[in-house]
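Here the structure comes first, spelled out in structure tokens, and everything after it is commentary.
Both counts, for ligands and for their atoms, begin at 1 and track the order of listing. For the single chain, residues carry numbers from 1 onward in sequence order.
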Amino acid sequence: MQSAIKIDHLYFRYDKEYVLEDISATITDNEYIAIIGPNGGGKSTFVKLLLGLLTPTKGKIEIYNTTPDKSRELIGYLPQNIHFNLDIPLQAREVILQGRLSAKKRGFSDKDFQILESLAQNLHIAHLLDKKIGELSGGERQRVLLARALATKPKILILDEPTAAVDFKTQKEIYQLLQELNLTKIVVSHDINILLQGVDRVFYINRKLYIHEYIDIDIKPKEGHFCEMELFEQLGGEHACNH
Ligand SMILES: Nc1ncnc2c1ncn2[C@@H]1O[C@H](COP(=O)(O)OP(=O)(O)OP(=O)(O)O)[C@@H](O)[C@H]1O
Ligand SMILES: [Mg+2]
């Protein structure tokens with residue numbers, strides 16, 4: 001199987017202390033990885049290294065056999081805290097089409113509009129395209145931003161907490177959508193719902209990386225919530241809880 005991402009003895013620090021330490025992993029083409037872990041554990045930092053927004057202090061990352069900074073157009077990304085000026089009178093369709101803009105190009109082609117239409121169908125947002133982005137609910141807006149990330153036709157989709165501000169039902173819907181998408185997916189989440197919906201492996205990041213290959217658990221969420229520490233107890237990941 002072709003590898004999408006190879007991470008080899010990766011270390012990273014912003015200042016003195018390492019935030020990520022000795023991380024090695026290979027992610028195969030079309031794999032679906034969930035990244036979980038405590039606040040400050042290094043998940044967003046890890047994702048920014050994959051995107052080439054940060055450079056490893058030590059070690060190496062390869063994305064489809066090249067460096068992250070050379071493979072940016074292969075990755076669709078939805079950051080954790082997207083600061084969107086909701087007063088800007090942009091329609092949802094314009095926000096999605098921004099994903100089709102590139103430095104080389106002015107204006108949009110028929111293909112751009114076809115991609116917009118098919119994403120709108122697949123993500124169930126066709127009825128929202130004419131609405132202003134500021135008028136959408138949190139869950140609707142996340143779907144539009146997901147469409148924008150996919151509009152680049154990436155080989156890898158990286159989402160950092162895509163469901164942080166949406167209700168339980170919308171979380172489930174978004175994860176259902178993600179399950180249906182056929183590309184390499186890396187999704188950071190505190191929401192245990194993700195683990196129930198088609199994930200191949202779970203990466204628990206807390207300075208170090210702990211990989212869980214199989215997810216075979218009997219989860220009975222209380223009022224839709226399930227602590228990830230409880231989950232790791234069930235997974236037998238005692239090392240993951242103690243760091
Ligand atoms: N730009 C920065 N400069 C210095 N330290 C940073 C910077 N960004 C993050 N850190 C630190 O790096 C560590 C990891 O942060 P990171 O944002 O990667 O965690 P996270 O796992 O994404 O957390 P959360 O679940 O809260 O999103 C934290 O201790 C944080 O304070
Ligand atoms: Mg984060």
Side-chain angles (χ1 to χ4, degrees), residues 5 7-25 27 32-61 63 67-69 72 75-84 138-139 141-142 145-146 148-149 154 156-168 170-171 174-175 178 184-197 199 201-212 215 221 224-233 235 237-243:
I5 301 176
I7 303 151
D8 186 21
H9 297 288
L10 170 73
Y11 288 73
F12 182 81
R13 60 178 180 216
Y14 291 100
D15 328 293
K16 272 195 216 137
E17 301 262 310
Y18 279 111
V19 169
L20 295 172
E21 212 173 274
D22 200 15
I23 290 183
S24 294
I27 297 171
Y32 186 1
I33 304 284
I35 300 182
I36 66 172
N39 291 134
K43 304 178 298 296
S44 295
T45 303
F46 179 72
V47 157
K48 287 176 191 162
L49 284 155
L50 297 183
L51 290 156
L53 299 174
L54 295 171
T55 311
T57 310
K58 279 197 274 180
K60 208 166 85 172
I61 299 174
I63 311 231
T67 53
D69 60 315
R72 265 195 212 147
I75 302 180
Y77 172 50
L78 182 49
Q80 179 167 10
N81 297 308
I82 182 151
H83 296 292
F84 224 92
R141 194 176 313 128
Q142 278 308 81
L145 294 174
L146 180 59
R148 183 173 68 165
I156 302 173
L157 179 66
I158 300 184
L159 309 176
D160 196 347
E161 305 271 6
T163 60
V166 302
D167 66 27
F168 183 54
T170 310
Q171 286 178 0
I174 289 178
Y175 288 121
L178 286 176
T184 309
K185 290 166 284 192
I186 299 174
V187 182
V188 179
S189 182
H190 283 110
D191 173 16
I192 287 327
N193 266 316
I194 188 176
L195 304 177
L196 302 174
Q197 299 199 1
V199 168
R201 286 190 294 167
V202 178
F203 282 17
Y204 178 98
I205 296 183
N206 191 9
R207 193 163 45 86
K208 295 192 174 172
L209 168 66
Y210 305 91
I211 298 177
H212 284 271
I215 309 153
H225 267 286
F226 194 94
C227 167
E228 66 193 28
M229 290 303 168
E230 289 171 36
L231 170 77
F232 267 84
E233 277 164 25
L235 284 171
E238 65 290 340
H239 51 289
C241 296
N242 296 334
H243 279 260

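Put simply, the side chain of Q142 gets close to the backbone of P162: a donor and an acceptor are under 3.5 Å apart. The backbone N or O of I211 lies less than 3.5 Å from no partner atom in the side chain of R201, so there is not a single donor-acceptor pair.
In this structure the side chain of S24 reaches within 4.5 angstrom of the side chain of D8, judged on heavy atoms. Side-chain atoms of T55 and D69, non-hydrogen and from C-beta on, never get closer than 4.5 Å to each other. Side-chain atoms of I27 and I156, non-hydrogen and from C-beta on, never get closer than 4.5 Å to each other.
Shortest contact from atom 26 (O) of ligand 1 to any protein heavy atom: N39 ND2, 3.0 Å. The protein heavy-atom contact nearest to atom 25 (O) of ligand 1 is K43 NZ, 2.7 Å. Looking from atom 12 (O) of ligand 1 to the surrounding protein, the closest heavy atom is Y14 CE1, 3.4 Å.
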List the atom pairs, with distances to 0.1 Å, where a side-chain N or O of residues 42-49 and a protein N or O form a donor-acceptor pair under 3.5 Å, not counting sequence neighbours.
| unit_1 | atom_1 | unit_2 | atom_2 | d |
| --- | --- | --- | --- | --- |
| K43 | NZ | G37 | O | 3.1 |
| K43 | NZ | P38 | O | 2.9 |
| S44 | OG | Q80 | OE1 | 2.7 |
| S44 | OG | D160 | OD2 | 2.6 |
| T45 | OG1 | Y14 | OH | 2.8 |

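When the heavy-atom distances from atom 16 (P) of ligand 1 to N206, L54, D160, T45 are ranked, the shortest goes to T45. Atom 23 (O) of ligand 1 has its nearest heavy-atom neighbour, among G37, G40, G41, in G40.
Numbered from 1 in the order shown, with element, the atoms of ligand 1 that lie under 4.0 Å from a heavy atom of Q80 read 27 (O).
Per-atom contact check: atom 31 (O) of ligand 1 does not touch the protein, criterion being a heavy-atom distance below 4.0 Å.
Note on ligand 1: H190 sits in its first shell, one or more heavy atoms being nearer than 4.0 Å.
The only member of I186, L50, I158, L159 that meets side-chain contact (heavy atoms from CB on, under 4.5 Å) when paired with Y77 is I158.
Counted by atom type alone, T57 and Y18 present zero donor-acceptor pairs between their side chains at under 3.5 Å.
Here the CD1-CD1 distance, from I75 to I5, works out to 6.0 Å after rounding to the nearest 0.5 Å. For the atom pair OG1 of T67 and CZ of R72, the computed distance is 9.5 Å after rounding to the nearest 0.5 Å.
Geometrically, ligand 1 and S44 share a nitrogen or oxygen pair separated by less than 3.5 Å.
Ordered by chain and number, S44 OG, Q80 OE1 make up the set of protein N, O or S atoms under 2.8 Å of the Mg ion (ligand 2).
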